[in-house]
A.B. asks: 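Here it is: the structure, laid out below.
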Amino acid sequence: GLMTAADGQVFERNCELVSAVSFFVLLVLPAEEKMVLLVVCALLCLSCWVSFYFILCTVNGSRSYEWNCRLVTLVHGILAVCITAYIGYVDGPWPFTHPGTKNTPLQISAMVVSLGYFIFDMAWCVYFRTEGPVMLAHHTMSILGILLTLWLGESGIEGCAVLFGSEITNPLLQARWFLKQTGRYGSLLGNVVDISFVLLFAVMRIFVGGTMLYCELISPRPRFFIKCGGVAMYALSWVFMVDIVRFAIRKSKSWHKPQRNQQEMVAANGHEGKKD
């Protein structure tokens, strides 16, 4: 495997450390010192993601830089979904009914871990020039949204809900890229991944995301800037959705093209078009 048991234990200890520091930050320190310590934690998480990337580049040196970066993205996506799902469904509060509430230690931990990742990935994308303005805008808004939520000390549950909705489609997106790189994208598995991605994105980012935004806007608790951030992220989801719909249309046309070619071939051989 890419990570040994010892690496897993170190990673687990780092997560426990961030969670413990978040609890300490929330309960003990004054506001200014809280932000200083949160910045330190974010830099610690950033160094962990950077170190993980360079470890992958060393262990998995035969692969490209993008391959290893996408492995980091995949790990972050799975980790973020697991943590934020636990926060929303188990730890609470429920984001649709309690937006604008005070941040909990676990919410702070999840946002700090993701903040470190987004800074790493933003720097990687800018350096290698692999992403367009829409994805860079998404990363920029994610970083600013997390920073604002940490600074205000509230609306962490909405931040975690947005992280969950944004990252739940991430493993499928990375699987699609890896299938392309390994020459398996044209298989049945590639079609299953594409259909699952389109449906999951539409459900989570458009329908569930729209419901979340509505609850955010009608609630008196969240700050105005948080509501503006929610509108901006939802608008960006629609920009992605338009591109995805275009892709789905092209994909459906490519599925019908072989069928039409086969029908034309049959007709050319004289097996179709007979009336008697």
A.B. asks: I'd like to know whether the aromatic ring centres of Trp177 and Tyr185 sit less than 6.0 Å apart in this structure.
C.D. replies: no

A.B. asks: Counting distance only, does the side-chain N/O of Ser155 pair as donor-acceptor with the main-chain N or O of Glu158 below 3.5 Å?
C.D. replies: no

A.B. asks: Examine distances only and state if a side-chain atom of Asn103 and a backbone atom of Ile108 form a donor-acceptor pair shorter than 3.5 Å.
C.D. replies: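 Looks like no, no N/O pair under 3.5 Å.
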
A.B. asks: Between Ser252 and Ile249, is there a donor-acceptor pair closer than 3.5 Å when you use the side chain of the first and the backbone of the second?
C.D. replies: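 Side chain of Ser252 to backbone of Ile249: a pair is present.
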
A.B. asks: Looking at residues at least two apart in the chain, or sitting in another chain, which of them share a salt bridge (charged side-chain N to carboxylate O under 4.0 Å, His left out) with Lys180?
C.D. replies: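 Salt bridge (charged side-chain N to carboxylate O under 4.0 Å, His left out) check on Lys180 returns nothing, list empty.
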
A.B. asks: Classify the ring geometry of Tyr65 against Tyr53: parallel below 30°, tilted from 30° to 60°, perpendicular beyond 60°.
C.D. replies: tilted

A.B. asks: For Phe247, is the NZ or CZ atom of Arg176 found under 6.0 angstrom from the centre of its six-membered ring and inside 45 degrees of the ring axis?
C.D. replies: yes

A.B. asks: Is it true that a side-chain atom of Tyr86 and a backbone atom of Gly92 form a donor plus acceptor pair closer than 3.5 Å?
C.D. replies: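 Such a contact is absent between Tyr86 side chain and Gly92 backbone.
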
A.B. asks: Would a distance-only check, ignoring hydrogens and angles, find a side-chain to backbone donor-acceptor pair under 3.5 Å from Trp124 to Glu66?
C.D. replies: no

A.B. asks: Taking the side chain as everything from C-beta on, heavy atoms only, tell me whether Val192 gets closer than 4.5 Å to Ser196.
C.D. replies: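 Val192 reaches Ser196 side chain to side chain.
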
A.B. asks: Report yes or no: does Ser47 contribute a side-chain atom to a donor-acceptor pair with the main-chain N or O of Leu44 at less than 3.5 Å?
C.D. replies: yes

A.B. asks: Between the side chain of Lys227 and the main-chain N/O of Ser219, is any donor-acceptor distance below 3.5 Å?
C.D. replies: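 Looks like yes, one N/O pair under 3.5 Å.
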
